[in-house]
Colleague: 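Pasting a structure here, questions to come.
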Amino acid sequence: MNDSVEDAWVKKWEALGIFKAEVDKYKDKVFVTFPIPYMNGPLHLGHAFTASRVDSYAKYKKLNGFNVLYPQGWHWTGQPIVSAAERLAKGDEKMVKEFKEIDKVPDEILEKFKDPVFMAKYYTERNREAMKKLGLGIDWRREFVTTSYDERFSSFIEWQFLTLREKGYVTKGSHPVVWCPRDKSPVGDHDRLQGEGVFPVEFRLIFFKLKDEESYLVASTLRPETIFGVTNIWVSPTLTYVKAKINDKVWIIGKSAVERLKDQLFEVEVISEIKGNELIGKKAIAPLVNKEIPILPASFIDPDIGTAVVYSVPAHAPYDYLALRDLQKSGYKDAQGISPISIIEVEGYGEFPAVEEVEKLKIKDQNDPNADVATKNIYSAEFRKGVLKQNCGSYAGLSVNAARKVVYEKLEELGLATSMWELPEPIICRCTTRCHVKILQDQWFLKYSDERWKEAARECVRTMKIYPEEARQWFLDVIDWLNDYPCARQSGLGTPLPWDKNWLVETLSDSTVYMAYYTIAHRLKKYNREQLKKELYDYVFFGKGDPSIIASITGIPENEVREMREEFLYWYPVDLRVSAKELVPNHLTFFIFHHVALFEKNHWPKAIAVNGMLRVEGEKMSKSKGNVITIEEGIKEFGADALRIALLSSSEYMDDANFKREYARAIKERIAKILQEIDQDLKSSTNRDKNDYDTWLLNMVSKVSKDIQENMEKMNIKLSVTEAFFIMDNAYKDYKKFVNSNINHTVLKDFIKYWAIILAPFAPFTAEEMYQKVGEKDSVFLENWPSGIQYEEVKDVEIELVNRLVEDIKEVIKIVKKKPTQITVFVLSKDDSINFVNGKAEKDVLNKFMKIKVSMPDLLKNYIGKIEEKEVYEKHLDYIMRQVGVPVNIKSVSDASNEEAQRAKNALPFKPAFVFK
RNA sequence: GCGGGGGUCGCCUAGCCUGGUCAAUGGCGCGAGGCUUAGAACCUCGUCCCGUUGGGGUGCGUGGGUUCAAAUCCCACCCCCCGCACCA
């Protein structure tokens, strides 16, 4: 099938209005959705995979008599489009290359990409075409884009957020983020050169009062419980420190910590600078233990982490032990008397875990990178199994885990501890600047932590259908874990928050209930933004207010206002939303939260289907690997239907799918072959009488159509497409073998027509072609799913018996390695078989029979003793002989000659004996 | 670390929920034959081991268990993949 055939069908569907969804009160509806994709590039096979699943389900439902709505919009909200445009404007060569080579953007278009809105528009156009070519049955009248560039949609988002705020789900607060001081913006995982997966952790700051001075050395640590083992303080002799008034105390900290503390809302007033070595030799008081300890020099201190002041616990911290050992080795006087103090009992270690680890890993000194490994080992061992020893006062006996919390709380109560956010590992922004943590103030949050809200979301998850079932627990876990979520940004594209226009509603928050907007999107296009007031949406979605009053304040005719409400009520709720599993912990869960917050229970989503991620030739798709296949390319190479079948049959449930070019190519060939054979067979077939093989073929249709009905309801699309394409094709081939190419024309036409309908959800273009070939007009999508085809089980049983006989004979021919000239098959009579069933037979044959019977399919078991086998084999003798390639005759066991009797008596019910000559 | 998914015959993949039809599905690869001037495509057959009558052995990450019967159920272990928030 070539492009022009596919394009012609797309045009015809549009002309016939096949996928336009109108309210029809006499029909049950199904509303399906695919998430709006982000328009920073062409859609790829991952999108095609999920969208094909949505589409197959939609088409399947349509063929089963449902009124189906499948709309599509586009996501423009967020930063990446803007960033890409900026980088292009700056002439970023890597970026230019990606757009040209991977996205295949022509030069004259690329020039205009420095305008992010142009870029988004361009991809929207291109991707709409790609979706059409893929054969998706979308009602395009309801299309929208997010952000203020679609002012009608924007008015809807304003309504959504005003309503959420009214209901108390929006709050203001502050939040720590990874921050690039150069870009002055938060740095997400994907914007990092280094430090992917690193997120801020809370470091504890502990105050050590300098002896005889009113200032405090402020040490940073993750392990406040180790204060009981402190022996000294480390500072770097070469670093610059500052004395600064912070909040109500005078702190001594590394100079580089000042900016970070300021970004975390500490009020910092630097008094003076001090060199590290000026501090060395002084003494400080350790809090809680009230002990005087020396300040010593160390080289392992990282000025970019914490305060560049560290308190030393050599028994449990490898760096501390190493620094101490280094110092003692060099003969440093103040270090000589210091020995580790063991305070934690931990399984697998003796008194001094740090010493043991250092020796085990043969770590040379404090600059050895292995010291990190040692630190991690002890950290995790002590965290999981450590218990504080007797020398920890009232904290003795507590687990490390518990002590960490209570010791800190005690110190905080004494005014001798506070905390700051810190990055446990360095993060480098794409702009090559090292990042730190900043606390953003006055952020707008969605209160996902609200227990009432969570409970409603849980209820929704519990009552909806989720495919596959395993995903349900995942949703419940996410709901538990979810915390307040910042829902507005200050950069990128989006809709301004209606009450605080400096902020834009962020991308995961403006894409949660737009499905409701689809129901009226096409109607709203007649009106301008000023008319789309909150009152209108309140009425349409909640039934609040009086339509005549709403008509007067919006200028929208009252009947139109009422019809919008009716259309919403008709289509809502969403019956199925499909996405890849990566959206479970974010988008899909937010989708649930917002629905339960805004809508009545009967408008909560009915079902979610989750699928795996798509890989290409076993590898994750990514621009950097250069293995991204766009939908456009896929269609060009394989055709839409082969692409769809290859994708749909590549995985089920949450398994990752694997797209293989060879497989898609094989399907492409097979489709072409099928269409070609249909032409030939329709020509060569005749009006001969109907026989058992014809019945068998229609039996297959009956079984397959039923199987698919069962599987589609569970979103088992892989199984369904396997039946609709592969099993049906095999049945077609087998049928032709059975009838030896003497095809019944009427049966063939019926079969092809049914096949077209069954295949239509998965391979719509091929289905239409098949449908035309048997003389049908218009579109296969105006048909009904084949049901009520008569199924004659006994014919299946007979053919199964014949096939088993053929297999057995072939097997024996293979073993004896010699083709016989004549085969005689000996069959038990019906009465003999009944005797077997009743246990009346010689013991050893009976045992053999029982063994075979156990492993017989139920279909056959039920017919033992109910069929005269001889008649069956005689009826199909032609076929049997063709298959085995040797003359065959059928005899009753009782008619065996003396020389044949030896073999003939091995015959069992449904297992004839045979003699070769 | 927390959470989710998974390990099947050279490779990819089905089966597992509801145990016997499972030496196990389909595709690729490979081998033989057909078609062809030749090749490609296509078609037929074969593709764990043994076996001159339809049988037997081994086998579905590893080790145990339940059962007349386990790829399928239970337990433990090993390994792989994915998500973890200001990112769409």
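Every heavy atom of this structure was used, including side-chain atoms; hydrogens, water molecules and symmetry mates were not. Each chain gets a letter, A, B and so on, in the order the sequences are listed, and its residues count up from 1. It should be emphasised that the depicted structure is a prediction, and the values quoted were computed from it without experimental measurement.
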Colleague: Consider the side chain of A/Lys673, meaning its heavy atoms from C-beta on, and name the nucleotide among B/C87, B/C43, B/C82 that approaches it most closely.
Modeller: B/C43
Colleague: Between B/A14 and B/U66, how many Å separate the two P atoms, rounded to a whole number?
Modeller: 32 Å
Colleague: Quick one: on RNA chain B, does A/Lys810 or A/Asn730 contact a more 5' nucleotide (nearest heavy atom)?
Modeller: A/Asn730
Colleague: Just say parallel, tilted or perpendicular for the rings of A/Phe590 and A/His594, cut-offs at 30° and 60°.
Modeller: tilted
Colleague: Which base, if any, makes a Watson-Crick or G-U wobble pair with B/U47, both distances under 3.5 Å?
Modeller: B/G29
Colleague: Please work out whether the ring planes of A/Trp453 and A/Tyr169 are parallel, tilted or perpendicular, with thresholds of 30° and 60°.
Modeller: tilted
Colleague: Name the closest nucleotide to the A/Tyr38 side chain, picking from B/C87, B/A88, B/C43.
Modeller: B/A88
Colleague: Could you check how far CZ of A/Phe659 sits from P of B/U13, rounded to whole Å?
Modeller: 14 Å
Colleague: My understanding is that only residues two or more places apart in sequence, or in another chain, count here; which of them pass side chain to side chain donor-acceptor pair (under 3.5 Å) with A/Thr375?
Modeller: none
Colleague: Quickly work out the A/Tyr123 OH to B/A88 C1' distance and round it to whole Å.
Modeller: 15 Å
Colleague: Among residues 902-914 of chain A, which residues get a heavy atom nearer than 4.0 Å to RNA chain B?
Modeller: A/Arg903, A/Lys911, A/Pro912, A/Ala913, A/Phe914
Colleague: Would you please indicate yes or no on a ring centroid separation below 6.0 angstrom for A/Tyr448 and A/Phe593?
Modeller: yes
Colleague: Heavy-atom count around A/Phe916 CZ within 6.0 Å, excluding the residue itself: above 12?
Modeller: yes
Colleague: Does CD belonging to A/Glu899 count more than 12 external heavy atoms closer than 6.0 Å?
Modeller: no
Colleague: Just how far is it from atom OH of A/Tyr879 to atom CD1 of A/Ile799, taken to the nearest 0.5 Å?
Modeller: 8.0 Å
Colleague: Charged N to carboxylate O under 4.0 angstrom, A/Asp729 versus A/Lys673?
Modeller: no
Colleague: If I pick the C1' atom on B/U18 and the same atom on B/C50, what distance separates them, to the nearest angstrom?
Modeller: 36 Å
Colleague: Distance check, rounded to the nearest 0.5 Å: A/Thr124 atom OG1 versus A/Trp74 atom CH2?
Modeller: 6.5 Å
Colleague: Distance check, C1' atoms only: B/C73 and B/C60, in whole angstrom units.
Modeller: 16 Å
Colleague: Going by heavy atoms closer than 4.0 Å, what residues in residues 468-477 of chain A are next to RNA chain B?
Modeller: A/Glu470, A/Trp474, A/Asp477
Colleague: Tell me which nucleotide among B/U21, B/G27, B/G51 gets nearest to the side chain of A/Arg804.
Modeller: B/U21
Colleague: Does any nucleotide pair with B/G83 by Watson-Crick or G-U wobble geometry, both distances under 3.5 Å, and what is it?
Modeller: B/C2
Colleague: Just jot down the side chain to side chain donor-acceptor pair (under 3.5 Å) partners of A/Glu506, sequence neighbours excluded, or say none.
Modeller: A/Tyr485, A/Ser509
Colleague: Mapping A/Asp808 and A/Glu669 to their closest nucleotides on RNA chain B, which lands nearer the 5' end?
Modeller: A/Glu669
Colleague: Using a 4.0 Å heavy-atom cut-off, does A/Val915 contact any base of the nucleic acid, only the sugar-phosphate backbone, or nothing at all?
Modeller: base
Colleague: Rounded to the nearest Å, what distance is computed from the OH atom of residue A/Tyr448 to the C1' atom of nucleotide B/C84?
Modeller: 16 Å
Colleague: Between atom CD1 in A/Ile727 and atom C1' in B/A14, what is the gap in whole Å?
Modeller: 11 Å
Colleague: Among B/C42, B/C87, B/G83, which nucleotide has an atom closest to any side-chain atom of A/Pro585?
Modeller: B/G83
Colleague: Decide, yes or no, whether a salt bridge links A/Glu469 with A/Arg472 under the criterion of side-chain N to carboxylate O below 4.0 Å.
Modeller: yes
Colleague: Not counting sequence neighbours, which residues clear side chain to side chain donor-acceptor pair (under 3.5 Å) with A/Arg87? List them please.
Modeller: A/Asp92
Colleague: B/C42 P sits how many Å from A/Asp729 CG, rounded?
Modeller: 13 Å
Colleague: Counting only side-chain heavy atoms from C-beta out, which of B/U53, B/C82, B/A85 sits nearest to A/Trp481?
Modeller: B/A85
Colleague: Would you please confirm or rule out a distance under 4.0 Å between OP1 or OP2 of B/A14 and any side-chain N or O of A/Lys718?
Modeller: yes
Colleague: For B/G20, give the paired nucleotide (Watson-Crick: N1-N3 plus N6-O4 or O6-N4; G-U: N1-O2 and O6-N3; both under 3.5 Å), or none.
Modeller: B/C68
Colleague: Can the positive tip of A/Arg404 be found less than 6.0 Å from the middle of the six-membered ring of A/Tyr379, inside 45° of the ring normal?
Modeller: yes
Colleague: Students often get this wrong, so: under 4.0 angstrom with heavy atoms, is A/Asn483 touching a base, only sugar-phosphate, or nothing?
Modeller: base
Colleague: Charged N to carboxylate O under 4.0 angstrom, A/Glu800 versus A/Arg804?
Modeller: yes
Colleague: Rounded to whole Å, please give me the gap between CD1 in A/Ile427 and C1' in B/A85.
Modeller: 13 Å
Colleague: With rounding to the closest Å, how many angstrom separate the C1' atoms on B/G64 and B/A70?
Modeller: 14 Å
Colleague: Determine the Euclidean distance between corresponding C1' atoms of B/C48 and B/U58; express it in Å to zero decimal places.
Modeller: 8 Å
Colleague: Report the nucleotide, chosen from B/A85, B/A88, B/U53, that has the shortest atom-to-atom distance to any side-chain atom of A/Val812.
Modeller: B/U53
Colleague: Over all strands shown, is A/Ile813 touching base, sugar-phosphate only, or nothing at heavy-atom distances under 4.0 angstrom?
Modeller: nothing
Colleague: Tell me what A/Phe199 touches on the nucleic acid: a base, only sugar-phosphate, or nothing, going by heavy atoms under 4.0 Å.
Modeller: sugar-phosphate
Colleague: Go ahead and name the base partner of B/A41; Watson-Crick or wobble counts if both distances stay under 3.5 Å, otherwise write none.
Modeller: none
Colleague: Looking only at atom P, what distance separates B/U13 and B/G34, rounded to whole Å?
Modeller: 36 Å
Colleague: Check the distance between B/C82's C1' and A/Met621's CE and give it to me in whole angstrom.
Modeller: 15 Å
Colleague: Determine, for nucleotides 7-12 of chain B in 5'-to-3' order, which nucleotides have protein heavy atoms under 4.0 Å from the base (write B), from only the sugar-phosphate (write S), or from neither (write -).
Modeller: -----S
Colleague: Roughly how far apart, to the nearest Å, are B/C82 and B/G10 at atom P?
Modeller: 25 Å
Colleague: For A/Ile809 and B/C45, what is the distance between atoms CD1 and P respectively, to the nearest whole Å?
Modeller: 16 Å
Colleague: Taking the C1' atom of each, how far is B/A23 from B/U47, in whole Å?
Modeller: 12 Å
Colleague: So A/Tyr485, base contact, sugar-phosphate only, or nothing? Heavy-atom distance under 4.0 Å.
Modeller: base
Colleague: Just by modelled atom types, is the A/Ile81 backbone N or O under 3.5 Å from a matching donor or acceptor in the A/Tyr38 side chain?
Modeller: yes
Colleague: With a 4.0 Å cut-off on heavy atoms, is A/Ser649 in touch with a base, just the backbone sugar-phosphate, or nothing at all?
Modeller: nothing
Colleague: Using OP1 and OP2 only, check whether a side-chain N or O of A/Lys620 sits under 4.0 Å from B/G83.
Modeller: yes
Colleague: What is the base-pairing partner of B/A14, counting Watson-Crick and G-U wobble geometry with both distances under 3.5 Å?
Modeller: none
